[in-house]
Amino acid sequence: MKLEKYHGLGNDYYVYDCQKNDYLLSQSQIRLLCDRHFGLGSDGILVGPIFQDGMIGLRIMNPDGSEAEKSGNGVRIFAKYLKDAGYVTEDSCLLSTPGGFVTVEYLNEENTMIKASMGKLSFQSRDLGITGPNQDIINKSFVFNHQDYRCTCVSVGNPHCIIPVEKVSKELIMEIGPHAETAPYWPNRINTQIIEIIDRYNIKTEGYERGAGYTYASGTGACAAAAAAYRLGLTEASVNVHMPKGVLEINIDSDWNCSMTGKVCKIGSFTLSNEFMRENKFDFTF
């Protein structure tokens, strides 16, 4: 089994090319591969390309073995892999994810700077999987671990809870994130970002991802953070979202369609040993 590793601002994924590998990955094996001590270590695995009805599709697997609807860094990483592997030769392509279609554009010769159009944002509870009557979730009160927080929730094809704070830190998101993820308001769990406003064109964020925990960066999280800040009147429609290991440029149009631009990097190619595969019972799909 061969996998390719990439990262987007420290958010690292393996690409499992299902056209070149013939193994069936179970949830427990995905957890093992993503383990940073007993496996290869990553924030998830991108499975594809899946060719269907003239489209290129991918699946986004979290480190806990669950599946994400969409990943901003994941789709940009996968787009670069498609170029590197020769599946795409044009300057743009359309990808299909469980959370909707994403158009990606290659902005330089190395295909390391990529723009992804992430689709239409929504603040409505029915799109976020939030219980109760359908309504926009803007500056609403939610309680996590006996603490009250003012939250704005945004769907980018996957759900996010955004909490403005005076100063972001890893310690603070680790206090809030695990409790917010599993709060009863959203039965299917939620991603959480805390945001700090620098000025009208710049914000900072730290995130805790559903199924992954703390990560250095989140593409959909950056989109949601920018959308919440803009909806609350704290920033302009185009902002730089500063995360611990880099910056994404986020743009929101008048119809609340969102795009992100940022760098991705290939780390290397990896081949699993026969010993590792025998011990962990990797089976062929046929």
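Quick caveat, the model's predicted, so the values are computed rather than measured.
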So for atom [atom1], which belongs to [X], do other residues, nucleotides or ligands contribute more than 12 heavy atoms lying within a distance under 6.0 Å?
| X | atom1 | result |
| --- | --- | --- |
| R59 | CZ | no |
| K5 | NZ | yes |
| K204 | NZ | no |
| Y185 | OH | yes |
| F101 | CZ | no |
| Y230 | OH | no |
| F51 | CZ | yes |
| N134 | CG | yes |

Write down the atom of [X], the atom of [Y], and the distance for their closest heavy-atom approach.
| X | Y | value |
| --- | --- | --- |
| I252 | A227 | CD1-CA, 3.5 Å |
| M1 | N21 | CA-OD1, 3.4 Å |
| I45 | Y13 | N-CD2, 3.8 Å |
| A222 | L248 | CB-CD1, 3.9 Å |
| C153 | W186 | SG-CZ3, 4.1 Å |
| G129 | P187 | O-CD, 3.3 Å |

Is there a side-chain contact between [X] and [Y], using heavy atoms and a 4.5 Å cut-off?
| X | Y | value |
| --- | --- | --- |
| L82 | V104 | no |
| L95 | C93 | yes |
| Y14 | C34 | no |
| K140 | C151 | no |
| F282 | L33 | yes |
| Y106 | I114 | yes |
| I56 | L94 | no |
| P159 | E69 | yes |

Donor-acceptor pair, side chain of [X] and main chain of [Y], under 3.5 angstrom:
| X | Y | answer |
| --- | --- | --- |
| N108 | N111 | yes |
| K245 | A217 | no |
| T152 | N139 | yes |
| R76 | G262 | yes |

Which is it for E196 and I194 under the side chain to side chain contact (heavy atoms under 4.5 Å, CB included) test, yes or no, and what are the steps along the way?
CA-CA 7 Å; E196 173 188 339; I194 52 175; over 6 Å; no

To the closest 0.5 Å, what do you measure between [atom1] ([X]) and [atom2] ([Y])?
| X | Y | atom1 | atom2 | answer |
| --- | --- | --- | --- | --- |
| M277 | Y23 | CE | OH | 4.0 Å |
| Q29 | L24 | CD | CG | 7.5 Å |
| T182 | I190 | OG1 | CD1 | 11.5 Å |
| K120 | D253 | NZ | CG | 7.5 Å |
| M260 | S218 | CE | OG | 7.5 Å |
| C161 | I130 | SG | CD1 | 7.5 Å |

Assess the side chains of [X] and [Y]: does a donor N or O sit below 3.5 Å from an acceptor N or O?
| X | Y | value |
| --- | --- | --- |
| D127 | S122 | yes |
| N251 | E249 | yes |
| S42 | D12 | no |
| N240 | H242 | no |

Please assess V15 against Y6 for the test side chain to side chain contact (heavy atoms under 4.5 Å, CB included), listing each intermediate value before the final yes or no.
CA-CA 8 Å; V15 176; Y6 294 75; 4.1 Å; yes

Taking only Lys NZ, Arg NE, NH1 and NH2, and the carboxylate oxygens of Asp or Glu, determine whether E181 and R210 approach each other closer than 4.0 Å.
no

Between E206 and K170, is the closest basic N to carboxylate O distance under 4.0 Å?
no

Same cluster for L9 and V102 if Ile/Leu/Val/Met/Phe/Trp/Tyr side chains link at under 4.5 Å?
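Yes, L9 connects to V102 through the hydrophobic network.
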
Only one of N11, T215, N73 forms a side chain to side chain donor-acceptor pair (under 3.5 Å) with D43, so which one is it?
N11

Applying the side chain to side chain donor-acceptor pair (under 3.5 Å) test to K266, which of E110, H7, E4 qualifies?
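Among E110, H7, E4, the one meeting side chain to side chain donor-acceptor pair (under 3.5 Å) with K266 is E4.
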
Would you please classify the geometry between the F144 ring and the F142 ring as parallel, tilted or perpendicular, with 30° and 60° separating the classes?
parallel

Using side chain to side chain contact (heavy atoms under 4.5 Å, CB included), reason through D199 and I197 one step at a time and then give a plain yes or no.
CA-CA 6 Å; D199 56 39; I197 307 301; 6.0 Å; no

Begin from the C-alpha positions of Y214 and I173 and carry the test side chain to side chain contact (heavy atoms under 4.5 Å, CB included) through to its verdict.
CA-CA 8 Å; Y214 178 81; I173 191 59; 3.9 Å; yes

